[in-house]
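Indexing begins at 1, ligand by ligand and atom by atom, following the structure's order. Note that this is a predicted model, so its numbers are computed, not measured.
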Amino acid sequence: MNGDSSMSADVVRHLNDTQEDALADLFDFLRIPSVSADSAFRADMQRCARFVAESMQRAGLTTEIVPTPGHPIVLGERCEDPQLPTVLIYGHYDVQPPDPLDEWTSAPFDPVIRDEKIYARGATDDKGQLYTHLRSLQAWMTVAGKLPVNVRFLVEGEEEVGSDHLDRFLEEHRDRLQADVAVISDTSQYGDGIPAITYGLRGIVAAEVHLRGPSQDLHSGIYGGSIANPATALARLCGGLLDADGRVRIPGFYDDVLPVSDAERAAFAELPFSEAEFLKETGCQDVWGEAGWSTLERRWIRPTCDINGMVSGYTGEGPKTIIPAWARAKITCRLVPGQQPDRILDALEQFLKDRCPPGLTLTFTRYHGCPAFVLDPTGPWVTAACRAVEEAFGTPPVFIREGGSIPVVMSFRQILDVDTLLLGWGRNSDNLHSPDEHLHVVDFHRGTTASALLWERLRLTADSAS
Ligand code: BES
Ligand code: ZN
């Protein structure tokens, strides 16, 4: 049964005819400063949740805004016909803090188009990408009056801070969230104009370490050398996390890492990769990482440990001779399949405590964690996604893993028993989490088209299986 293929052509035509409207609506979404990490933006988070719910309603979905102890979750659903496949779409409406503000060319919450790119915090991560699905469903409703699949749509506001309240929500609403397959657009293309299906993500654990020394800052001439300096001690502790070859020195860190097949490593080596382009993207002079692994492998299949920030002592203008009273660092480890978040956090805490010099008090705070994800990249849903992406981008997608983390993906598998198609329309060079975040206008439109075609392809897949 292929009766609706002309219908999907009509939907794509409608999307092409209404591109300006789509951009105007996306801009309204981007104007809401939905920064989940900062409690000053709590009211904006509520406003943003309402914006998402209204967009879903325009796509014919019934919606509910569900409060959590953190930020609300927006749920939408439309059951078109119990015979049709059911797709669970996920996105996040929260964004990273826009800091450092003075490094933005234009204000982060005042979206503008420059050089055919949409500039705003959240343009690619994830509002712009999430919006492609909202838009494509709206287009199906406008043109066809119905959707090709049943849809459950879950949009959360805490992805950037670790999705702390999501698992509980999934457990409580397990029945309402049953689906044949999940779809998330929160990853990237492999390269400019090279779309990707991402079949693996790294996991993550996050923690903070606080070293407390003297009861207040002290004169470093009077006391220096006779008591431990928290800043120096923290630098030594953090510096000791990696050896000179880039290997993590936490005992047991690699114990549970599952091997990666030679065939998979060979497939990575086949992907076009330009180190020069990569260096340009990062602004670094050279690459660096664990000895014995390529840059793609270091990013996709090797675990790491990174300091995300350190503060201590005097950082203002000119010198100041003190021993600071305290020092703090934020640390994350990226995990690969086999590694368990809790075990890694235990080992990290022990590593730091074992090396803390006498006279200092070490406090270790645990934040979020999620394990790594790998999907078998064969099967009918993946094939359907490939077709939709190829049709929209004019070139078939490559199969890749990614180094970033999306906690919900493992939760979907573990709690709902549903696997996820990770289809990213943006680019890693879009400055996600950085100043001047953007999304290429062409990627937004191609993503919207791919999304519209995907629903039809998933329906056809289910048809041919029955
Ligand atoms: N969209 C990113 C994850 C991503 C980006 C995956 C690019 C692959 C390619 C997501 O919003 C994100 O940044 N996640 C956080 C999760 C963390 C806070 C638990 C991350 O990876 O740091
Ligand atoms: Zn994201």
### Query
What part of E159, side chain, backbone, both or neither, has a heavy atom within less than 4.0 angstrom of ligand 1?
both
### Query
E402 heavy atoms, cut-off 4.0 Å: which ligand 1 atoms fall inside?
8 (C), 9 (C)
### Query
For the Zn ion (ligand 2), what is the closest N, O or S atom on D186?
OD1
#### Entry: contact_flag R334 ligand 1 heavy-atom lt 4.0 Å
yes
### Message
Quick check: H165 with F169 (ring centres under 6.0 Å apart)?
### Response
no
### Structural part of D125 in contact with ligand 1, heavy atom criterion under 4.0 angstrom
side chain
### Query
According to the interplanar angle, ranging from 0 to 90°, do the rings of H438 and H440 count as parallel (below 30°), tilted (30 to 60°) or perpendicular (above 60°)?
perpendicular
### Task
Name the option, out of H368, R427, R299, that contains the heavy atom nearest to atom 19 (C) of ligand 1.
H368
### Query
What do you reckon, does H433 put a non-hydrogen atom under 4.0 Å from ligand 1?
yes
### Message
Tell me the protein heavy atom at minimum distance from atom 15 (C) of ligand 1, and give that distance in Å.
### Response
S405 O, 3.6 Å
### Message
Please name the atom of D125, limited to N, O or S, that comes nearest to the Zn ion (ligand 2).
### Response
OD1
### Message
I need the contact type for L432 against ligand 1. Using non-hydrogen atoms and a strict under-4.0 Å cut-off, is it side chain, backbone, both or neither?
### Response
side chain
### Query
Any side-chain donor paired with an acceptor under 3.5 Å for T105 and D436?
yes
### Message
When you measure from the centre of the six-membered ring of F109, is the NZ or CZ of R121 closer than 6.0 Å and no more than 45° off the axis?
### Response
no
### Message
Just so I know, are the side chains of F444 and Y131 near enough to count as touching, which here means a heavy-atom distance under 4.5 Å?
### Response
yes
### Message
Looking at W293, I'd like to know if the NZ or CZ of R302 sits under 6.0 Å from its six-membered ring centre while staying within 45 degrees of the ring's axis.
### Response
yes
### Task
Tell me yes or no: between the side chains of T132 and W425, is some donor less than 3.5 Å from an acceptor?
yes
### Message
Could you check whether any side-chain N or O of W140 sits under 3.5 Å from a backbone N or O of A452, counting only pairs where one atom can act as donor and the other as acceptor?
### Response
yes
### Query
Could R355 and F351 be counted as a cation-pi pair, given that NZ or CZ must be under 6.0 Å from the ring centre and within 45° of the axis?
yes
### Summary
Any heavy atom of Q96 under 4.0 Å from ligand 1? The part involved is neither
### Query
Under 4.0 Å from any heavy atom of P407, which atoms of ligand 1 are there?
19 (C)
#### Entry: Identity of the nearest option to atom 2 (C) of ligand 1, non-hydrogen atoms only, from D186, L422, I204
D186
### Query
Does a salt bridge link E390 with R387, judged by any charged N lying under 4.0 Å from a carboxylate O?
no
### Query
Under 4.0 Å from any heavy atom of E160, which atoms of ligand 1 are there?
11 (O), 12 (C), 13 (O), 18 (C)
### Query
Side chain, backbone, both or neither: which part of A206 has a heavy atom under 4.0 Å from ligand 1?
neither
### Message
Which of the numbered atoms in ligand 1 are under 4.0 angstrom from any heavy atom belonging to H92?
### Response
11 (O)
